[in-house]
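Notes for the one structure printed next.
Chain A is the first sequence line, chain B the second, and so forth, proteins listed ahead of strands; every chain is numbered from 1.
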Amino acid sequence: MTWIADIIVDVPAMQTDQPFSYEVPDHLVDVVEVGLRVEVPFGNGNRHIQGFIVGLRETLETEVELKAIIGVLDLHPVLTHELLALADEMKETTYSYKITCLQTMLPSVMKSSYTKYVTQTDKALPKIIEEELFLGLAEIEWEQAQESPHFAELLRLKKTGHVDIRYEVTTKNKVKTKRVLKKVMTNEQLQAERENLRKNAVQKWRLLSFLLEIDEAEHGIKEVMETHDISNSAINDGKKLGWLTIEEREVYRDPYALHQFKKDEPLVLNSEQQEALDTMKESMDASKSDVFLLEGVTGSGKTEVYLQAIAHCLAKGQTAIMLVPEISLTPQTVTRFKKRFGDDVAVLHSGLSQGEKYDEWRKIERKEASVVVGARSAVFAPLENIGLIVIDEEHEGSYKQDETPRYHAKYLAIWRGNYHHCPVLLGSATPSLEARARAQKGVYRLLILNERAVSKATLPIINIVDMKLEMKNALSTSFSNQLLEKLKERMEKKEQSVLMLNRRGYSSFVMCRDCGYVLPCPNCDISLTLHMDTKQMKCHYCGHEERIPYRCPICDGDKIRYYGTGTQKIEEELKELLPDARVIRMDVDTTRKKGAHEKLLKQFGAGDADILLGTQMIAKGLDFPNVTLVGVLNADTALNLPDFRASEKTFQLLTQVSGRAGRGDKSGEVVIQTFNPDHYAIQLAKNQEYEPFYQHELKLRHRGNYPPFYFTTQLVVSHEEEHLAAKKMFEIVHFLKGFLSPNAIMLGPTPKSVARMNKRYYYQTVIKYKNEPELSKGLKVILEESQKEMRNGLRITIDMEPQHFI
DNA sequence: AGCACGCCGACT
DNA sequence: GTCGGCGTGCTC
């Protein structure tokens, strides 16, 4: 009888994307478990790599000679059966390798790195090699050896057995420890020790006095040394003299250790909130895997509903996951959860260091936290007995990962909801068309919050400024008179303003400054993109091309301009227009450093600035009572992106940013500068009219055969040579047509809007379809082929339901 | 991926 | 006749 383990090895390739069988050596039989990471030999040579056990079986007949597992990397499984099954789902739906999916589910420190060494054997080496390569050492790193002029000689010595190759698998998941002391003597004994001290033994006297004060509990040595001014050597002496014991204790790197969270109580819900909560509770109690869409205007108190629903699930002894978009995982959000649930909360987001992430993960795994708040990847939290999964701002594109594996956290959350027989709650003020349509069809259950729950505070007054008129008045800056006046007003009243510059679509289109006209594609409902390199306007969906116009085809004006601007330029303009204004600029440049984001917001919150100027990142979750003015400098840019979601994104952004004004007692005002004041996305955002927007947009999607009526799949091919990328893209399209019915629509192949990135040319094709059972077979062949094509410098990606088309 | 094998052209 | 270039195929 032998135990065999089926193992997924750390080789992300098509040919190795399957379990390999290994023998479990006797000494590991009691340790191995499904979900454990192990070190295994793989391939010829004695290369060692990491693997995941995905199956264990006992067998009588000795199959083909199997290699044996070398050792384990964990003492307990790091992936549950559930997460292993989820990895299968992910692999199938994202066209990626199983090993990539498994690694994505774990903190990055658990990914192995490999080092290769050249070691000496008992056979003597030539003197020159010994002296100039090994430098007297028993072994050296392979990478170093490769650079040496003696490398060729080394290879020969390897063949003759004079040197060996050793592979090392290392994983960085180190636990942080701290030293603690515990007294072992009775107070009488300690007292006696103290009396016997020499007069000048000040340190020991202090230590003994300290030990006399304390009880039998453990005390952190670092803290004792600091607070009682006792040296490390005195403590070590104390150990030798038998006064105390020293031990190492594991500690968590708690990023919130310095914060104090005062416990708060649930708020009283209004009748709408209560109704929504009751419906949720009913579903939770009946263990139904319902998906709810909670549609609530900004300020309707969605978060309080989440908190109380989660509290209900904890009260039943279950656990919960709360996903929030990366960008809005502000200290404010975290605080709200920590205040309600205390240490029961684990937080996972990209602002944490690798070690901190690992520790939060460990806290969850050890069942020391039952609520997980985090960004996209928190959907993989190793919780058991989940009772509820909440996805806040459900419409956010950041729930989809834009590199392999291109999973969508929303759909994986729903998968987990099914597995645990628990509901999933999607919340948004501006639901995605996809989610809202599913609610309409009854696939999701719709819950609506119409009332503002917080202060019955009025909706902010929203002013739309027609920048075309401003331009006629020879405006030379990015600020309309109206916005500038209002900014001055706030400064006089010592109130604060937030200015948002929409950076999406930077400079990528041309627009008539007289009438706001943007060149559309004659075949698709989107605008054309400017390609300066070829001096052409191109459609990224169907490939249509035309010249850059120099006169506006509508008003015949000649003020056709490339459109786009940056935060730095705006800041300079502000300095000239309002020299006294204190401005905090927040964009990718000023927030790159860890903690910078938080720091800037803190400064602004403390009133250290009059104006917060930033990009999209300031649109969400900020809650500053003294902000009474929000200005959107350029509402149009996102609108003109060659993306069928352009209107949706603009509407969502404007609705959200408007919600930033007037959070306190003072009422707020919003100024939206636009060249398209009559566009439905802008007009409907003005009064936060989601329903009419949804209805209107849905019609357009229907007409254009876009989601939610059609599924979309994007294929991208890139190569350093443009014609090779194009050629391959055409071949793929031709090939895929054999797997598609005539109902499927192909857009492309076309070059991508940024046709050349990092010296590579990109071509893309988008397939729109309703029901194509053969498509996945075709895509799997493409995936297989992409592996081989790598050798020819081609990169091929498959993106199911892409979020961005640029 | 990464390693070995094998077949080819360029050297002593 | 050997060294080393890269194309090909396999890894429990």
Gap between atoms [atom1] and [atom2], on [X] and [N] respectively (whole Å):
X      : N     : atom1 : atom2 : result
A:L155 : C:dG5 : CG    : P     : 11 Å
A:W142 : B:dC3 : CH2   : P     : 7 Å
A:M790 : B:dG2 : CE    : P     : 12 Å
A:K159 : B:dC3 : NZ    : C1'   : 12 Å

Compute the centroid of each ring, for A:Y419 and then for A:W415, and state whether the two points are separated by less than 6.0 Å.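 Centroid separation for A:Y419 and A:W415: below 6.0 Å.
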
Decide if the gap between the ring center of A:F380 and the ring center of A:Y407 is smaller than 6.0 angstrom.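 Between A:Y407 and A:F380, which both carry aromatic rings, the centre distance is below 6.0 Å.
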
Where the side chain of [X] is defined as all heavy atoms beyond and including C-beta, which of [options] is the nearest nucleotide?
X      : options               : answer
A:K158 : C:dC12, B:dA1, B:dA4  : B:dA4
A:Y22  : B:dA4, C:dC12, C:dT11 : C:dC12
A:S21  : B:dC3, C:dC12, C:dT11 : C:dC12

Under 4.0 Å, heavy atoms only, any strand: does [X] hit a base, just the sugar-phosphate, or nothing?
X     : value
A:Q15 : base
A:Y97 : nothing
A:P12 : sugar-phosphate

Reckon A:K788 has a side-chain N or O less than 4.0 Å from the OP1 or OP2 of C:dT8?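 Checking A:K788 against C:dT8: no side-chain N or O falls below 4.0 Å of OP1 or OP2.
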
With no angle test and no hydrogens, is the base of C:dG9 tied to the side chain of A:R791 by a donor-acceptor pair under 3.5 Å?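 Checked by distance alone, the answer is yes.
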
Regarding A:R47 and the six-membered ring of A:Y167, is the cationic atom NZ or CZ under 6.0 Å from the ring centre and inside 45° of its axis?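 That pair does not qualify as a cation-pi contact.
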
Out of A:K111, A:M110, A:Q354, which one pairs with A:N173 under the side-chain contact (heavy atoms from CB on, under 4.5 Å) rule?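 Only one option passes, and that is A:M110.
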
When the nearest nucleotide of DNA chain C is assigned to A:K67 and to A:A152 on a heavy-atom basis, which residue is associated with the more 5' position?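 Between the two, 5'-proximity favours A:A152.
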
